[in-house]
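Some notes on the structure that comes next.
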Amino acid sequence: MRLPTIREEVEKDIPAIRALTRAAFARARRAQGNEPEIVDALRRDGHLAASLVATNMDEAVIGHLAFSPVTISDGTQDWYAAGPISVMPTRQRTGIGAHLASQSIIRMAEMGARGIVLLGDPGYYTRFGFHPDPDLILPGVPPEFFQVRMLADGPRPKGTVAYAPAFGEMPSKL
């Protein structure tokens, strides 16, 4: 299988990203149902730090990963949230999400990100260097699902993490 091309979104991708995100989360057990609206709100509010798409040979969008800045109560800067991440349902479990995730981590490091946080299955994201960190807390979320990855040397941040307002209230159950 040919790996998809990973690139920044362009304006013409927005409808495809919205449809892809809706389809990708339609049957997800832990979905909130508002993932397409989160991406749209991040974009509208200027909080979409990176919006990367995976495209097939025909340039159709088959995957998407959004990054937005987070705040940490200790004042640490240049940390970002990864997500939502979406892959076309008919192409899930084919390596597209893994390729998108690994390439996105590289791009975020190149952009100067010091670290990334995400909400997700620890069994999946540990392969990309993510792990729970007891020094970083996302209120209302079980710590095993809130994971971090440092991208730069330096002191590890400690404190409470807040996502962009587009995410609204974080789920209390995952």
Side-chain angles (χ1 to χ4, degrees), residues 3-25 28 30-32 34-56 59-72 75-88 91-92 95-121 124-131 133 136 138 141 145-154 156-157 161-168 170:
L3 289 174
T5 299
I6 308 298
R7 63 170 172 75
E8 284 283 338
E9 77 169 34
V10 294
E11 189 171 344
K12 70 178 180 134
D13 296 328
I14 294 172
I17 291 169
R18 191 177 298 118
L20 166 72
T21 304
R22 187 161 314 285
F25 283 93
R30 297 183 178 102
Q32 299 297 304
N34 64 342
E35 288 79 7
E37 290 77 17
I38 290 171
V39 176
D40 287 343
L42 289 169
R43 190 180 294 109
R44 180 191 66 236
D45 297 344
H47 295 151
L48 197 54
S51 181
L52 302 172
V53 295
T55 60
N56 65 13
E59 283 296 307
V61 175
I62 57 174
H64 176 256
L65 179 51
F67 287 91
S68 55
V70 296
T71 57
I72 302 174
T76 299
Q77 300 290 308
D78 300 321
W79 274 69
Y80 297 86
I85 182 169
S86 307
V87 174
M88 181 186 303
R91 302 291 300 271
Q92 291 175 359
I96 293 168
H99 181 61
L100 180 58
S102 61
Q103 291 300 303
S104 296
I105 291 167
I106 293 167
R107 290 191 187 205
M108 291 304 292
E110 290 171 351
M111 287 175 46
R114 300 189 58 72
I116 300 170
V117 299
L118 62 78
L119 288 172
D121 178 1
Y124 183 79
Y125 289 104
T126 54
R127 72 173 102 173
F128 304 107
F130 287 91
H131 59 85
D133 184 334
L136 284 176
L138 185 61
V141 173
F145 290 99
F146 183 60
Q147 301 166 67
V148 304
R149 175 165 174 185
M150 297 268 304
L151 298 180
D153 292 332
R156 297 186 72 79
V161 175
Y163 276 53
F167 286 90
M170 286 296 175

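When reading the values below, keep in mind they use all heavy atoms of this one structure, side chains included, and skip hydrogens, waters and symmetry mates. Remember, it's a predicted structure, so these values are computed and weren't measured experimentally. For reference, positions follow the sequence shown, starting with 1.
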Rounded to the nearest 0.5 Å, the CG atom of Leu118 sits from the CZ atom of Phe146 at a distance of 8.0 Å

Can you give each donor-acceptor pair under 3.5 Å made by side-chain atoms of residues 43-54, sequence neighbours left out, with the distance rounded to 0.1 Å?
from: Arg43; atom 1: NE; to: Glu9; atom 2: OE2; distance (Å): 2.9
from: Arg43; atom 1: NH1; to: Asp40; atom 2: OD1; distance (Å): 3.1
from: Arg43; atom 1: NH2; to: Glu9; atom 2: OE1; distance (Å): 2.9
from: Ser51; atom 1: OG; to: Glu9; atom 2: OE1; distance (Å): 2.5
from: Ser51; atom 1: OG; to: His64; atom 2: NE2; distance (Å): 2.7

Checking Arg22 side chain against Ala19 main chain: does a donor-acceptor pair fall under 3.5 Å? no

Spatial distance of atom CG (Asp121) from atom CD (Gln147) [nearest 0.5 Å]: 7.5 Å

Taking the side chain as every heavy atom from C-beta outward, state whether Phe130 and Ile105 have any atom pair closer than 4.5 Å. yes

Considering only heavy atoms from C-beta outward, does the side chain of Leu100 approach that of Pro4 to under 4.5 Å? no

Kindly give the heavy-atom pair with the smallest separation between Leu151 and Ala109, and that separation in Å. CD1-N, 3.9 Å

Could you list the donor-acceptor pairs under 3.5 angstrom formed between side-chain atoms of residues 78-87 and any protein atom two or more places apart in sequence or on another chain?
from: Ser86; atom 1: OG; to: Thr21; atom 2: OG1; distance (Å): 3.4

Would you say that Asn34 contacts Phe25 through its side chain, given a criterion of any heavy-atom pair below 4.5 Å between the two side chains? no

To the nearest 0.5 Å, atom CZ of Arg149 lies from atom CE of Met108 at 12.0 Å

What distance do Thr55 atom OG1 and Ile6 atom CD1 have between them, rounded to the nearest 0.5 Å? 7.5 Å

Rounded to the nearest 0.5 Å, what separates atom CG in Leu42 from atom CZ in Phe167? 5.0 Å

Would you say Leu138 and Val117 make side-chain contact, with heavy atoms under 4.5 Å? no

May I ask you to test the Arg114-Arg156 pair for a side-chain heavy-atom distance under 4.5 Å? no

Could you check whether the rings of Phe128 and Tyr125 sit parallel, tilted or perpendicular, using 30° and 60° as the cut-offs? tilted

Does Gly75 offer a backbone N or O that forms a donor-acceptor pair with the side chain of Gln77 under 3.5 Å? yes

Write down the atom of Val61, the atom of Ile17, and the distance for their closest heavy-atom approach. CG1-CG1, 4.4 Å

Tell me, do Arg7 and Asp13 make a side-chain contact under 4.5 Å, heavy atoms counted? yes

Contacts of Ser102 that satisfy side chain to side chain donor-acceptor pair (under 3.5 Å) - sequence neighbours left out: none

How far apart are the closest heavy atoms of Pro157 and Met150, and which atoms are they? CD-SD, 4.0 Å

